[in-house]
**Q** 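Quick one: this structure, given as structure tokens, is what I'll be asking you about.
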Amino acid sequence: MPGYGQFCPVAKAAEVFAERWTPLIMREILLGSSHFNELERGLPHISRSVLAQRLKSLERDGLIERRADGSGRNTTYLPTAAGRDLFDVIHLLGVWGARWMNRDVREEDVDVDLLLWDMHRRINLDQLPAHRVVIQFQFTGMSSKRYWLVLLPTEAAVCVTDPGFDVDIYATADTMALHRVWVGHLPFPTALASGAVQLEGRRDLVRLFPSWFQLSMFSHVAPAAAD
């Protein structure tokens, strides 16, 4: 991206940070995605070539470092001190976006791949049972995709194909409704009461289900009133 030709720190920072996809790549890395395939999961609409290009740029600009294992086949991307310093910037940008730009979820913003990826990293692991729990999500309405969340006391994984384990909870959700729940625009009990989200399975696990999810990082931000 051509520079702005200005000494202003805002201009210098924007030359690095404001390029398309860069803020979202840094969001993913700062939230714990460290491998190429993980970054793809959190950025469903980016091409592999653009992602590889942006990662090289971020490494060159000193925001991330690339580490290869002994075989040279597995690469890990980690934030540098400069990259970690962007966390507060990205968080404040998200707060501003939730308040002023995201008053409601629009049809063109619906992304079930990102939704499930975000959900799997916002699990209250300390609230989970001591055994594995498998949740099958079946979307309705705008999407008919199916996913599985595999929850363990130490980690959570999202699967796009059947992992082969017995399912403990079957969750059927209207696509738009679950997006609105996730960003804090629709209370989960309201979604359940209306039938927009339905849970079936072991009663004890169904009862605990809401305590396992923290919702979006920005679900606490109330949208600003329209002028």
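Each residue takes its place number in the sequence, starting with 1.
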**Q** For the pair Glu38 (side chain) and Ser34 (backbone), establish whether a donor and an acceptor sit closer than 3.5 Å, ignoring hydrogens and angles.
**A** yes
**Q** Is there a side-chain contact between Pro153 and Leu125 (heavy atoms, below 4.5 Å)?
**A** no
**Q** Please report the closest heavy-atom contact between Ile135 and Ala171, naming both atoms and the distance.
**A** CG2-CB, 4.3 Å
**Q** Indicate if Val150 and Leu208 have the same hydrophobic cluster label, given that clusters are the connected sets of ILVMFWY residues with side-chain heavy-atom separations under 4.5 angstrom.
**A** no
**Q** Could you go through the side chain to side chain contact (heavy atoms under 4.5 Å, CB included) check for Arg48 and Phe36 one step at a time?
**A** CA-CA 9 Å; Arg48 292 178 64 86; Phe36 195 92; 3.8 Å; yes
**Q** Show, in sequence, the C-alpha distance, side-chain angles and deciding distance for Val133 and Leu128, and conclude whether the side chain to side chain contact (heavy atoms under 4.5 Å, CB included) test is met.
**A** CA-CA 8 Å; Val133 176; Leu128 294 174; 5.6 Å; no
**Q** Quick one: does Asn124's side chain have a donor or acceptor within less than 3.5 Å of a partner on Gln127's backbone?
**A** no
**Q** Do Leu149 and Val134 come close enough that some side-chain heavy atom pair is under 4.5 Å?
**A** no
**Q** If we only count heavy atoms from C-beta on, is the Phe213 to Arg122 side-chain gap below 4.5 Å?
**A** no
**Q** Please report the shortest heavy-atom distance between Thr22 and Val16, naming the atom on each side.
**A** CG2-O, 3.5 Å
**Q** Under the side chain to side chain contact (heavy atoms under 4.5 Å, CB included) rule, what do Phe17 and Leu58 come out as? Steps first, then yes or no, please.
**A** CA-CA 9 Å; Phe17 185 68; Leu58 290 168; over 6 Å; no
**Q** Where do Leu115 and Phe139 land on the side chain to side chain contact (heavy atoms under 4.5 Å, CB included) test, with the steps shown first?
**A** CA-CA 11 Å; Leu115 175 62; Phe139 284 94; 4.0 Å; yes
**Q** Could you pull out the closest heavy-atom pair between Tyr4 and Ala11, with the gap in Å?
**A** CD1-O, 3.5 Å
**Q** For Arg121, which residues count as a salt bridge (charged side-chain N to carboxylate O under 4.0 Å, His left out) partner, sequence neighbours excluded?
**A** Glu28, Asp118
**Q** Scan residues 111-132 for pairs that pass ring-ring contact (aromatic ring centres under 6.0 Å, His included), counting only residues two or more places apart or in two chains.
**A** Trp117-His120
**Q** Membership question, hydrophobic clusters at under 4.5 Å side-chain separation (ILVMFWY): are Leu43 and Leu63 in the same one?
**A** yes
**Q** Hydrophobic clusters here meaning ILVMFWY residues chained together by side-chain heavy-atom distances under 4.5 Å, can you tell me if Leu39 and Leu114 are in one?
**A** no
**Q** Quick check: do Leu205 and Trp212 have side-chain heavy atoms less than 4.5 Å from each other?
**A** yes
**Q** Could you tell me whether a side-chain N or O of Asp111 sits under 3.5 Å from a main-chain N or O of Asp113, the two making a donor and an acceptor?
**A** yes
**Q** Is it the case that the side chain of Arg67 and the backbone of Thr76 share a donor-acceptor pair, with hydrogens and angles ignored and the cut-off at 3.5 Å?
**A** no
**Q** Sort and list the pairs that fulfil ring-ring contact (aromatic ring centres under 6.0 Å, His included) and have at least one residue in residues 162-204, not counting sequence neighbours.
**A** Phe188-Phe209
**Q** Sequence neighbours left out, what passes side chain to side chain donor-acceptor pair (under 3.5 Å) with Arg207? Give chain and number order.
**A** none
**Q** Got a sec, which pairs hit side-chain hydrogen bond (donor to acceptor under 3.5 Å, both in side chains) with one end in residues 157-168, sequence neighbours left out?
**A** none
**Q** Of all heavy-atom pairs between Gly62 and Ala82, which one has the smallest distance, and what is that distance?
**A** O-CB, 3.7 Å
**Q** Can you confirm whether Phe218 sits close enough to Asn102 that some side-chain heavy atom of one is under 4.5 Å from a side-chain heavy atom of the other?
**A** no
**Q** So does Glu65 have more than 12 non-hydrogen atoms from other groups sitting under 6.0 Å from CD?
**A** yes
**Q** For the pair Thr175 (side chain) and Ser143 (backbone), establish whether a donor and an acceptor sit closer than 3.5 Å, ignoring hydrogens and angles.
**A** yes
**Q** Mind checking whether Val206 and Glu200 have side chains closer than 4.5 Å, heavy atoms only?
**A** no
**Q** Can a salt bridge be assigned to the pair Lys12 and Glu15 using a cut-off of 4.0 Å between side-chain N and carboxylate O?
**A** yes
**Q** What residues join Val183 in its hydrophobic cluster, counting side-chain heavy atom gaps under 4.5 Å, either direct or through other members?
**A** Val105, Val110, Met142, Met176
**Q** Minimum heavy-atom separation for Ile64 to Thr80, with atom names?
**A** C-CG2, 3.6 Å
**Q** Donor-acceptor pair, Arg54 side chain versus Trp21 backbone, under 3.5 Å?
**A** no
**Q** What are the two closest heavy atoms between Val221 and Val95, and how far apart are they?
**A** CG1-O, 3.7 Å
**Q** Do Leu30 and Leu24 sit in one hydrophobic cluster, given that two such residues count as connected whenever their side-chain heavy atoms are within less than 4.5 Å of each other, even indirectly?
**A** yes
**Q** If two hydrophobic side chains count as joined below 4.5 Å and joins carry through other members, does Ile25 share a cluster with Phe87?
**A** yes
**Q** Are Val158 and Trp148 close enough that some pair of their side-chain heavy atoms sits under 4.5 Å apart?
**A** no
**Q** Could you tell me if the side chain of Ile29 sits less than 4.5 Å from the side chain of Leu55, heavy atoms only?
**A** yes
